[in-house]
Asks: 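Please find one structure pasted underneath; my questions will follow.
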Amino acid sequence: MAPHIEKQCVVVLSNNDGCVVARSAEVKALGVPMGMPWHQMQELARQHRIVAYSSNYTYYGDMSRRVMSVLAQYSPDQEIYSVDECFLDLTRQPHIDLAVMGQSIRQRVKQWIGLPVSVGAGHTKTLAKLANHVAKKRTERSGVCDLTTLDAGATAALLQTIGVRDVWGVVRKIEERLVMQGIVTAADLRNTDPAIIRRNFSVVLERTVRELNGVSCIALEDAPPDKQQIIASRSFGAPVYELAQLAEPVRAYMTRAAEKLRRQHSVAGAVGVWIETNRFRDQDVQHHPSATVRLPESTADTLHLVHTAIGLLRRIYRSGHRYVKAGVMLTDIRPAALQQGSLFASASEATEKRARLMTVLDAATAKWGRGAIAPGTAGFSAPRAWAMKRAAMSPAYTTRWSDLPRVLA
DNA sequence: TCTGGGGTCCTAGGACCC
DNA sequence: TCTGGGGTCCTAGGACCC
């Protein structure tokens, strides 16, 4: 999408331009680790002319949808696992040549969307992930790796070359403990008795071992399950000291959380709020209080939820602290259709009016954007110190008219 | 001065029940 | 001085995912 930065040092920054969350190969070669604070590498960035972009979720979401819709053409059984990964179940097409299909996928996505992708195939999700890792890292495989056609010897040889850390579900802590027990490669892990793994680690890792052996333990999820908890939290662009100023982001975050709740047609039975000072500043007195309250009646009503959250905020706030982050959480979530009314409150006209108001609110947000209608806030025109910093946003090439790329004839 | 956000699952331990 | 057994539910914290 941005040919002018190909082969350059490029990073993408987290919210508030805080940390490096994505690096081009050139930056990885400089030894910049994932999660490095951006402000700590200004000198390096100057030396190597590293180009930094603020994260642009609208743009990534749009590109993701495009890629996923291309991939869906290859199988009706698709699980969108994350913004940049999906699983396709091909067991209903048993005679297909997966290596050929993989190349077709790569070529079509490259041509239609302009993004490079890699494709891995295996008999389980864990093996498919591992194959994908191989396809991505080993350039001689031209972006595709099919483990299903390898014989036992070739598979064992390949797994012997892959560190246990590169297996899905194994991160540093587990890796250290595995290595102490002599389990170093993916092949070692595959050959370990699942019962021993269960005893020494967990059922989660036991499933991984079985999956490495071709026994499917992790099913394809074609529809994302409803969320059991919904969190909205963000660091502020600048520190906040006053209760009135903290109330603004808490209101805004809860408004978002309530939207998500209604989108999955659920209601929440409990609300939590927390605020934090900057844990990296030794010179500050630290304060990170939180509070949770059960609602008398489950609801998805923005106004109720905001009111409750502000009440909790008042309870936990202490003056004199330098707050840099706030968050809200909705839990005890259940489908709105199963909602049990409280013993004393009848499903009154007022409740129904409120529900209709929420429908209007969601429609307005969908049409005019977030903030078009918001619960009474004291912050429309005041300078919003808490608003996120995004100094180096890439253009929203596909989601904003003014940012459409121009083609010069 | 500046250090991300949003999830799930599992386990252990405490409170409580019969 | 002696102090069961089996179960559920809840919470906190760890570990992991992207």
Side-chain angles (χ1 to χ4, degrees), chain A residues 11-22 32-43 45 52-57 60-61 64 68 79-87 125-126 129 132-133 164-178 197-208 217-219 221 224-239 249 253 256-257 259-261 264 269-270 272 274 276-284 286 290-292 294 322 324-333 385-386 388-392:
Chain A
V11 296
V12 176
L13 304 176
S14 66
N15 278 349
N16 265 325
D17 295 342
C19 300
V20 171
V21 292
V32 173
M34 179 75 172
M36 176 141 197
W38 176 233
H39 72 91
Q40 284 176 8
M41 47 180 284
Q42 291 308 297
E43 189 48 43
Y53 286 103
S54 305
S55 33
N56 185 340
Y57 299 110
Y60 308 152
S64 175
M68 296 307 169
E79 173 185 342
I80 297 174
Y81 179 62
S82 72
V83 71
D84 65 349
E85 274 178 289
C86 90
F87 292 102
K125 285 164 94 174
T126 302
K129 284 273 277 185
N132 186 269
H133 171 82
V164 79
R165 174 68 193 270
D166 292 322
V167 175
W168 191 30
V170 179
V171 183
R172 208 188 60 248
K173 284 261 173 63
I174 300 283
E175 180 199 22
E176 286 168 6
R177 289 169 57 199
L178 284 171
I197 293 293
R198 175 165 201 154
R199 199 166 342 114
N200 295 346
F201 293 88
S202 66
V203 292
V204 182
L205 197 62
E206 180 196 6
R207 280 201 283 265
T208 301
C217 303
I218 306 171
E221 286 174 359
D226 281 350
K227 304 263 183 273
Q228 299 174 42
Q229 61 177 34
I230 293 172
I231 293 174
S233 81
R234 244 161 217 57
S235 304
F236 307 144
Y253 302 167
R256 287 223 55 186
E259 277 168 28
K260 287 192 201 169
L261 185 65
Q264 67 170 39
W274 71 93
E276 294 174 28
T277 49
N278 188 338
R279 65 182 193 281
F280 296 102
R281 282 170 59 98
D282 296 334
Q283 67 269 44
D284 287 357
Q286 296 294 315
S290 66
T292 305
R294 188 161 284 281
R322 187 179 185 279
V324 297
K325 184 174 181 176
V328 303
M329 178 157 53
L330 297 174
T331 51
D332 194 13
I333 290 174
W386 54 277
M388 205 197 306
K389 267 193 301 202
R390 289 200 286 193

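Only heavy atoms go into these numbers, but all of them, side chains included; no hydrogens, no water, no symmetry mates. Order of the sequence lines fixes the chain letters, A, B, ..., with proteins taken first and strands second; residue numbering starts at 1 for each chain.
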Asks: Report the distance from atom OH of A/Tyr81 to atom C1' of B/dG6, rounded to the nearest whole Å.
Replies: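 In whole Å, B/dG6 C1' lies 13 Å from A/Tyr81 OH.
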Asks: A/Asn15 has an atom CG; how far is it from atom P of B/dC2, in whole Å?
Replies: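 So the CG-P distance, A/Asn15 to B/dC2, works out to 16 Å.
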Asks: Quickly work out the A/Trp38 CH2 to B/dC2 P distance and round it to whole Å.
Replies: 17 Å
Asks: Figure out the CE/C1' separation between A/Met34 and B/dG5, and round it to whole Å.
Replies: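 Computing the A/Met34:CE to B/dG5:C1' distance gives 12 Å.
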Asks: Examine C/dC18: is either OP1 or OP2 under 4.0 Å from a nitrogen or oxygen in the side chain of A/Trp168? Give yes or no.
Replies: yes
Asks: Among B/dG4, B/dC2, B/dG6, which nucleotide has an atom closest to any side-chain atom of A/Arg281?
Replies: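 Shortest atom-to-atom distance from the side chain points to B/dC2.
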Asks: Compare side-chain N and O positions of A/Lys325 against OP1 and OP2 of B/dG5 and report whether any pair is under 4.0 Å apart.
Replies: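 Indeed, a polar side-chain atom of A/Lys325 lies that close.
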Asks: Does OP1 or OP2 of B/dG6 have a side-chain N or O of A/Ser233 closer than 4.0 Å?
Replies: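 For B/dG6, OP1 or OP2 has a side-chain N or O of A/Ser233 closer than 4.0 Å.
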Asks: Going by ring pair (Phe, Tyr, Trp, His ring centres under 6.0 Å), name the residues that satisfy it together with A/Tyr253, two or more places apart in sequence or in a different chain.
Replies: none
Asks: Taking only residues two or more places apart in sequence, or in another chain, which ones meet A/Tyr60 in a ring pair (Phe, Tyr, Trp, His ring centres under 6.0 Å)?
Replies: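 Partners of A/Tyr60 by the ring pair (Phe, Tyr, Trp, His ring centres under 6.0 Å) criterion come out as none, since no residue qualifies.
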Asks: With heavy atoms under 4.0 Å as the rule, sort A/Val170 into base, sugar-phosphate or nothing.
Replies: sugar-phosphate
Asks: Taking only the P atom of each, what is the distance from C/dC18 to B/dC2 in whole angstrom?
Replies: 31 Å
Asks: Quick one: which protein N/O atoms are closer than 3.5 Å to N/O atoms of nucleotides 7-11 of chain B? Pair and distance per line, please.
Replies:
from	atom 1	to	atom 2	distance (Å)
B/dG7	OP1	A/Lys260	NZ	3.2
B/dG7	OP2	A/Ile231	N	2.4
B/dG7	OP2	A/Ile231	O	3.2
B/dT8	OP1	A/Gln228	N	3.0
B/dC9	OP2	A/Gln228	NE2	3.0
B/dC10	OP1	A/Arg207	NH2	3.1

Asks: Quick one: side-chain contact (heavy atoms from CB on, under 4.5 Å) partners of A/Arg279, sequence neighbours excluded?
Replies: A/Gln286
Asks: Touch check for A/Asp17, heavy atoms < 4.0 angstrom, all strands: base, sugar-phosphate only, or nothing?
Replies: nothing
Asks: What is the distance, rounded to the nearest whole Å, between atom CG of A/Asp282 and atom C1' of B/dT1?
Replies: 15 Å
Asks: Run the side-chain donor-acceptor check on residues 324-332 of chain A: report pairs under 3.5 Å with partners two or more places apart or on a different chain.
Replies:
from	atom 1	to	atom 2	distance (Å)
A/Asp332	OD1	A/Arg334	NH2	2.7
A/Asp332	OD2	A/Arg294	NH1	2.8
A/Asp332	OD2	A/Arg334	NH2	3.2

Asks: So that I can compare with my own list, what are the stems of DNA chain B, taken as at least three consecutive Watson-Crick or G-U pairs with distances under 3.5 Å?
Replies: B:5-18 with C:5-18
Asks: Using a cut-off of strictly less than 4.0 Å, decide whether A/Lys389 has a side-chain nitrogen or oxygen near OP1 or OP2 of B/dG4.
Replies: no
Asks: Classify the nucleic acid contact of A/Arg322 as base, sugar-phosphate or nothing, counting any heavy atom under 4.0 Å across all strands shown.
Replies: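 The residue A/Arg322 makes sugar-phosphate contact but no base contact.
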Asks: Got a sec, which residues hit salt bridge (charged side-chain N to carboxylate O under 4.0 Å, His left out) with A/Arg177, two or more places apart in sequence or on another chain?
Replies: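 Testing A/Arg177 for salt bridge (charged side-chain N to carboxylate O under 4.0 Å, His left out), a comparison that skips the adjacent residues, returns none.
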Asks: For a 4.5 angstrom cut-off between non-hydrogen side-chain atoms, does A/Thr208 reach A/Val167?
Replies: yes
Asks: Tell me the interatomic distance from A/His39, atom NE2, to B/dT3, atom C1', rounded to whole angstroms.
Replies: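 Taking atom C1' of B/dT3 as the reference, NE2 of A/His39 is at 5 Å.
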Asks: Among residues at least two apart in sequence or on other chains, which ones pass ring pair (Phe, Tyr, Trp, His ring centres under 6.0 Å) with A/Trp168?
Replies: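 A/Trp168 satisfies ring pair (Phe, Tyr, Trp, His ring centres under 6.0 Å) with A/Tyr81, A/Phe87 only.
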Asks: Measuring to OP1 and OP2 of B/dT3, would you say a side-chain N or O of A/Asn16 lies under 4.0 angstrom away?
Replies: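 Checking A/Asn16 against B/dT3: no side-chain N or O falls below 4.0 Å of OP1 or OP2.
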Asks: Using whole Å, what does the distance between atom P of nucleotide C/dC18 and atom CE of A/Met68 come to?
Replies: 13 Å
Asks: Among all residues two or more places apart in sequence or in another chain, which pass the salt bridge (charged side-chain N to carboxylate O under 4.0 Å, His left out) test with A/Glu221?
Replies: none
Asks: List the steps, then state whether side chain to side chain donor-acceptor pair (under 3.5 Å) holds for A/Ser82 with A/Asp84.
Replies: CA-CA 5 Å; A/Ser82 72; A/Asp84 65 349; 3.1 Å; yes
Asks: In this structure, how many angstroms lie between the P atom of C/dA15 and the NZ atom of A/Lys173, rounded?
Replies: 4 Å
Asks: Does any part of the side chain of A/Leu205, heavy atoms only, come nearer than 4.5 Å to the side chain of A/Leu178, both counted from C-beta?
Replies: yes
